[in-house]
Amino acid sequence: MDFDLNEEQRLLKESIDGLLTDSYDFESRKKYMKEKGGWSKTVWLKLAEQGLLGLPFSEADGGFGGGGVETMIVMEALGKALVLEPYLATIVIGGGFLRHAGTDAQKAAHVPGIIDGSKTLAFAQLEKSSRYDLFDVTTTAKKKGDGWIIDGEKFVVLNGENADTLVVTARTKGDRRDRSGIGVFLVPANAKGVAKKSYPTQDGLHAADITLTGVEVGPDAVLGNPEDSLALIERVVDEARVALCAEAVGLMDESLKTTVEYIKTRKQVGVAIGSFQSLQHRASDMFVAAEQARSMSMFATMASDFEDAKERSNAIAAAKVQIGKSLKFVGQQSIQLHGGIGMTMEAKIGHYFKRLTMIENSFGDTDYHQRRVADAGGLI
């Protein structure tokens with residue numbers, strides 16, 4: 001198989017790498033963390049100017065018609081730079097719902113603002129007891145005339161503080177863990193009855209716990225079938241998992257690079273510790289783990305286009321398992337080889353480790369996906 005990038009993809013990689021090199025050094029990131037919502041509007045608009053926010057949308061909707069490979073390239077670059085901006089929440093997840101289920105009117109209302117950087121989205125899915133089960137939904141949506149009234153609580157909503165629109169999962173019929181009876185709704189973040197409690201997460205991003213109390217939305221808020229949207233949710237979340245795999249590869253690349261540079265310069269008793277064979281072996285093992293992750297990220301990217309939902313889901317679960325194993329090894333070795341300094345806020349490597357750890361726990365940790373692979377008859 002040909003794993004080389006084509007000319008357009010190479011230009012995309014050069015473009016985003018150049019942008020982030022100029023705008024996103026570690027000291028700048030610290031400043032962006034202090035802005036409202038924990039990320040930089042200026043950087044977000046630069047991403048829009050480069051066309052990166054319109055990348056996966058069709059040309060008919062004003063985008064560039066990019067696919068999984070283009071998203072992989074962007075997410076790897078965002079990982080390397082430890083980017084805080086809500087590309088995953090807005091473009092991959094929110095945009096994914098619009099691409100797969102949005103009506104022409106819904107796309108016209110939301111996509112132009114997403115592409116020009118004036119609008120961001122957030123996925124309000126996680127509930128108090130749902131863990132990683134996407135079908136475990138207690139938030140309700142009840143019919144009122146042509147519209148709906150939504151009540152419930154959502155937790156750890158990434159970009160929930162700044163988002164203009166919330167993509168909310170809600171149960172329209174059935175019991176808490178029924179796989180049917182789940183809908184997806186576009187809810188204005190400033191709608192009456194929406195309350196937010198915002199906070200920073202361990203990796204420097206920001207999230208919010210959101211309460212919806214008697215929130216009224218019209219019929220135009222419904223994405224897809226309000227009584228049978230689990231397959232839609234699973235598809236978009238699979239795409240989010242693939243994007244996270246690519247981001248993790250970028251994080252591991254930079255973690256390895258930073259660690260190798262450190263052991264080449266850090267001296268004990270007048271000798272660079274990188275000259276010790278045991279540490280060279282550790283660095284080699286880190287490289288192997290990162291390359292295994294890269295291969296599985298590429299596999300997951302290809303699998304995201306599989307039409308068979310079961311085949312797609314199993315392949316992405318397997319990729320998430322390998323990514324989880326690799327990122328844990330690379331992250332822990334990076335910290336250990338840095339010694340005590342690796343655990344300080346001033347050291348960049350600790351921030352990479354935190355983000356890697358959060359990725360491992362996003363949309364299913366390694367144990368969860370390993371069980372999924374085993375249940376499907378695979379071996380990990």
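Each residue takes its place number in the sequence, starting with 1.
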Can you measure from CG (Leu88) to OG1 (Thr71) and round to the nearest 0.5 angstrom?
->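 Output value for this atom pair is 10.5 Å.
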
Can you tell if the side chain of Thr211 reaches within under 4.5 Å of the side chain of Thr213, non-hydrogen atoms only?
->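 They are in contact (side-chain heavy atoms under 4.5 Å apart), so the answer is yes.
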
For [X] and [Y], test the side chains for any donor-to-acceptor distance below 3.5 angstrom and give the result as yes or no.
X	Y	result
Thr140	Asp151	no
Ser118	Asp116	yes
Ser304	Glu239	no
Asp25	Ser28	yes
Thr169	Gln125	no
Tyr87	Glu247	no
Glu227	Ser180	no
Arg355	Gln202	no
Glu261	Thr265	no

Salt bridge or not between [X] and [Y]? Use side-chain N to carboxylate O under 4.0 Å.
X	Y	answer
Lys107	Asp104	no
Glu127	Arg176	no
Asp253	Arg294	yes

Derivation of the side chain to side chain contact (heavy atoms under 4.5 Å, CB included) call for Ser313 and Asp238 | CA-CA 7 Å; Ser313 179; Asp238 269 345; 3.8 Å; yes

What about the rings of His351 and Phe26, do their centers lie closer together than 6.0 Å?
->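 Here the rings of Phe26 and His351 have centres that are less than 6.0 Å from each other.
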
Hey, do the aromatic rings of Phe123 and Phe97 have their centres closer than 6.0 Å?
->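 Centroid distance Phe123-Phe97: below 6.0 Å, so yes.
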
[atom1] of [X]: more than 12 outside heavy atoms within 6.0 angstrom?
X	atom1	answer
Lys257	NZ	no
Glu8	CD	no
Asp175	CG	no
Lys143	NZ	yes

Looking only at heavy atoms, what is the nearest atom pair of Ser255 and Val330, with distance?
->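 Smallest interatomic distance, heavy atoms only, reads CB-CG1, 4.2 Å.
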
Trp39 ring centre to Lys41 NZ or CZ under 6.0 Å, with the angle to the axis within 45°?
->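 Yes, Lys41 and Trp39 form such a contact.
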
Hey, does the Lys NZ or Arg CZ of Arg99 hover above the aromatic six-ring of Phe57, less than 6.0 Å from the centre and inside 45° of the axis?
->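 Flagged: Arg99 positioned over aromatic ring of Phe57.
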
Where do Asp365 and Arg131 land on the side chain to side chain contact (heavy atoms under 4.5 Å, CB included) test, with the steps shown first?
-> CA-CA 10 Å; Asp365 61 14; Arg131 188 64 170 164; 3.7 Å; yes

Sequence-distant partners of Tyr262, ring pair (Phe, Tyr, Trp, His ring centres under 6.0 Å), two or more places apart =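 By the ring pair (Phe, Tyr, Trp, His ring centres under 6.0 Å) rule, Tyr262 matches His338.
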
